[in-house]
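Encoded as structure tokens, the structure appears first; notes follow it.
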Protein chains: 2
Amino acid sequence: MINIVIVDDHELFREGLVLVLGQVDNFNIVADYNSGDEFLKQIDPLEVDVVLMDIKMEGLNGIETTIKLKEIKPDIKVIAVTMFVEDSYYLQMINAGAHGFVLKKAGKYELMQAVTEVNSGGNFFSQEILKKMAFKAINKEVEKEKALSPREVEVLKLICKGLSSKEISEELFLSPKTIEVHRSNLLRKTDQKNIAQLVIWALKNNHISLG
Amino acid sequence: MINIVIVDDHELFREGLVLVLGQVDNFNIVADYNSGDEFLKQIDPLEVDVVLMDIKMEGLNGIETTIKLKEIKPDIKVIAVTMFVEDSYYLQMINAGAHGFVLKKAGKYELMQAVTEVNSGGNFFSQEILKKMAFKAINKEVEKEKALSPREVEVLKLICKGLSSKEISEELFLSPKTIEVHRSNLLRKTDQKNIAQLVIWALKNNHISLG
DNA sequence: TTGTCACTAAGGGTTTTCCCTTAGCGTAAT
DNA sequence: ATTACGCTAAGGGAAAACCCTTAGTGACAA
């Protein structure tokens with residue numbers, strides 16, 4: 001019997017997942033939470049083998065939650081769940097200790113396979129994720145250049161809100177010219193050619209959300 | 001007993017919905033489909049009371065599917081399901097004959113209420129949708145101006161792909177100046193101030209998707 | 001028939017973005 | 001200590017976006 005916990009702030013999706021996996025033989029849904037905080041608060045007495053963890057959540061996100069979980073319960077396996085292949089956080093998630101990675105658009109059989117695999121000590125990654133990883137591994141020197149600095153992320157979010165360089169400079173008490181530099185670096189690092197593409201990129205990489 | 005069909009191309013979400021609603025007393029999930037085409041093709045022999053219909057789908061979308069459904073089976077009630085409050089298609093959906101409208105982030109109890117209400121001849125709209133409708137009704141003269149023309153939608157999609165006015169003009173065999181006009185009209189009609197905001201608006205209003 | 005509106009196009013102007021360069025400062029790693 | 005890098009800032013220039021006006025066409029409706 002595999003004891004499973006689900007952490008996801010999308011209510012209907014989570015409830016659906018509970019039922020989909022709950023009807024599988026050998027799967028036992030121990031509990032489900034809509035935030036990392038709630039989960040960590042109540043994890044202690046539970047008997048858990050595998051956690052299905054959404055990456056993007058209010059409060060503690062999946063990465064932070066996974067790191068803290070591994071500190072107190074290093075034996076619990078984590079499978080990251082995300083919406084997009086492009087999500088750049090998956091490397092951080094693996095770094096935090098995740099053993100698997102599936103997309104939300106995956107079917108239930110893929111998810112079942114992931115849970116079984118990871119529970120028995122293996123790894124499981126959706127095909128799309130593996131392709132992405134292979135591609136990044138091949139071009140790793142390019143990859144290294146692409147990590148965004150905190151300042152760049154800050155500027156990125158304001159750009160996506162529709163602020164001009166001048167407005168952003170006033171918001172952050174910087175020169176407009178500095179913002180222009182950040183803008184250029186953002187386009188270069190993300191490999192996008194203008195703001196329209198940058199906004200889409202930011203969404204797919206979970207730097208902003210539509211909520 | 002209320003006979004329910006679910007039409008949604010998001011596999012895990014749909015499977016989850018089937019199980020969540022399937023365990024409710026008096027609810028009977030007749031079938032579920034991942035596209036409007038599939039649904040219409042197989043609707044004929046089925047005994048159906050209520051259809052939960054995603055708006056944004058590959059192939060036939062929720063609106064088109066609802067219109068065709070109403071032509072052949074006018075008594076079947078439709079509840080539209082969507083991701084965002086901003087989704088401007090909800091008016092078209094109501095026009096197509098939908099009796100209810102819920103957000104995907106709604107909980108299962110809200111969904112259950114919607115199904116029950118609509119089945120017994122009533123309407124059900126999420127609170128957020130009602131607010132939006134009330135607001136639009138108040139400002140209806142503004143509203144009328146905001147319907148996008150086919151050409152504008154076409155240009156909008158290309159803008160969101162990151163094409164410049166010049167590139168779009170080449171794609172559509174038009175003058176760059178014409179595209180600039182469409183651009184201005186898009187910003188004015190959607191009440192957004194630049195491309196960053198326009199892209200977000202297009203996503204929330206289901207003109208483009210991240211898929 | 002008159003009016004409205006989508007679509008087309010152009011002129012002309014301001015602002016913003018985009019892209020390049022150079023450069024000083026501070027911090028952290030080797 | 002030298003290197004590397006993030007952050008800051010500026011100059012300069014090309015391109016694109018943004019915003020206004022005017023205007024002709026065709027289609028569709030009152």
Side-chain angles (χ1 to χ4, degrees), chain A residues 88 91-92 95 140-202 205 207-208, chain B residues 88 91-92 95 140-202 205 207-208:
Chain A
S88 62
L91 289 175
Q92 285 173 255
N95 224 41
K140 69 178 160 200
E141 70 293 341
V142 181
E143 190 49 36
K144 207 172 187 182
E145 222 185 348
K146 286 191 179 177
L148 298 188
S149 70
R151 201 48 141 181
E152 282 162 352
V153 173
E154 204 175 359
V155 171
L156 173 61
K157 287 179 181 173
L158 294 172
I159 288 173
C160 292
K161 279 173 71 178
L163 277 65
S164 69
S165 292
K166 184 156 161 281
E167 290 168 335
I168 295 173
S169 75
E170 285 160 3
E171 186 97 1
L172 302 179
F173 304 105
L174 295 173
S175 158
K177 270 296 184 183
T178 302
I179 307 302
E180 279 186 44
V181 173
H182 289 315
R183 256 188 137 92
S184 284
N185 291 338
L186 279 166
L187 290 177
R188 184 177 46 76
K189 285 188 179 180
T190 62
D191 209 26
Q192 307 298 312
K193 55 170 281 199
N194 56 32
I195 294 303
Q197 292 181 354
L198 186 64
V199 170
I200 304 279
W201 184 93
N205 287 274
H207 285 106
I208 57 170
Chain B
S88 62
L91 288 175
Q92 285 174 256
N95 224 40
K140 69 177 160 200
E141 70 292 342
V142 182
E143 191 49 36
K144 207 172 185 182
E145 223 185 346
K146 285 191 181 177
L148 299 188
S149 71
R151 200 50 140 180
E152 282 162 353
V153 173
E154 203 175 359
V155 171
L156 173 61
K157 287 179 180 172
L158 294 172
I159 288 173
C160 292
K161 279 173 70 179
L163 276 67
S164 69
S165 290
K166 185 157 159 282
E167 289 167 335
I168 295 173
S169 74
E170 286 159 2
E171 186 97 1
L172 301 179
F173 304 105
L174 295 173
S175 158
K177 270 295 184 182
T178 302
I179 308 302
E180 278 186 44
V181 173
H182 288 316
R183 226 179 232 277
S184 284
N185 289 339
L186 280 166
L187 291 177
R188 183 178 46 77
K189 286 188 179 180
T190 63
D191 210 26
Q192 308 298 312
K193 55 171 282 199
N194 57 32
I195 293 304
Q197 292 181 355
L198 186 64
V199 170
I200 305 280
W201 184 94
N205 287 275
H207 285 106
I208 58 169

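Just the heavy atoms: all of them, side chains too, but no hydrogens, waters or symmetry mates, feed the values below. Every chain is numbered from 1, with letters handed out A, B, ... down the list of sequences. Model, not experiment: these values are computed from the prediction.
Among the nucleotides dA10(D), dA9(C), dG6(D), the one closest to any side-chain atom of Ser149(A) is dG6(D). The side chain of Ser175(B) approaches dA9(C) more closely than any other nucleotide in the set dT8(C), dA9(C), dC18(C). When distances are taken from the side chain of Lys177(B) to each of dA10(D), dA10(C), dT17(C), the shortest belongs to dA10(C). The side chain of Ser164(A) lies closest to dT16(C), out of dT16(C), dC19(D), dC19(C). Closest to the Arg151(A) side chain, of the nucleotides dC19(D), dA10(C), dC7(D), is dC7(D). Picking from dT16(C), dC7(C), dT17(C) the nucleotide with the shortest atom distance to the side chain of Ile195(A) gives dT17(C). Closest to the side chain of Lys189(A), out of dA10(D), dC7(C), dG6(D), is dG6(D). When each of dC7(C), dC18(D), dC7(D) is scored by its nearest atom to the side-chain atoms of His182(A), the top-ranked nucleotide is dC7(D).
We find that CD of Gln192(B) is positioned 16 Å from C1' of dA17(D), with the value rounded to whole Å. Atom CG of Leu187(B) is separated from atom P of dT16(C) by 14 Å (rounded to the nearest Å). We find that CZ of Arg183(B) is positioned 17 Å from P of dA15(D), with the value rounded to whole Å. Atom CG in Asn185(B) sits about 11 Å away from atom C1' in dC5(C), given to the nearest Å. Atoms CG (Leu172(B)) and P (dA9(C)) sit 10 Å apart, rounded to a whole Å. Rounded to an integer number of Å, the gap from NZ of Lys166(B) to P of dA15(D) is 9 Å. Distance, Glu167(B) CD to dT17(C) P: 18 Å, rounded to whole Å. Atom pair Lys193(B):NZ and dT15(C):P shows a separation of 14 Å (rounding to whole Å applied).
Contacts of Thr178(B) with the nucleic acid, taken as non-hydrogen atoms under 4.0 Å apart, include base atoms. Among the protein residues, Pro176(A) comes within range of no part of the nucleic acid, since none of its heavy atoms lies under 4.0 Å from any strand.
The side-chain heavy atoms of Val155(B) and Ile159(B), taken from C-beta on, include a pair separated by under 4.5 Å.
In this model, the phosphate group of dA17(D) is approached by a side-chain N or O of Ser165(B) to a distance below 4.0 Å at OP1 or OP2.
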*Passes salt bridge (charged side-chain N to carboxylate O under 4.0 Å, His left out), Lys161(A) versus Glu171(A)? Steps please.*
CA-CA 12 Å; Lys161(A) 279 173 71 178; Glu171(A) 186 97 1; 5.3 Å; no
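When the options Thr178(A), Leu156(A), Ile195(A) are evaluated for a side-chain contact (heavy atoms from CB on, under 4.5 Å) with Arg183(A), the one that passes is Ile195(A). For the side chain to side chain donor-acceptor pair (under 3.5 Å) with Arg188(A), the lone residue among Asp191(A), Asn185(A), Thr190(A) that qualifies is Asn185(A).
Heavy atoms of other residues, nucleotides or ligands lying less than 6.0 angstrom from NZ of Lys166(B) number 12 at most.
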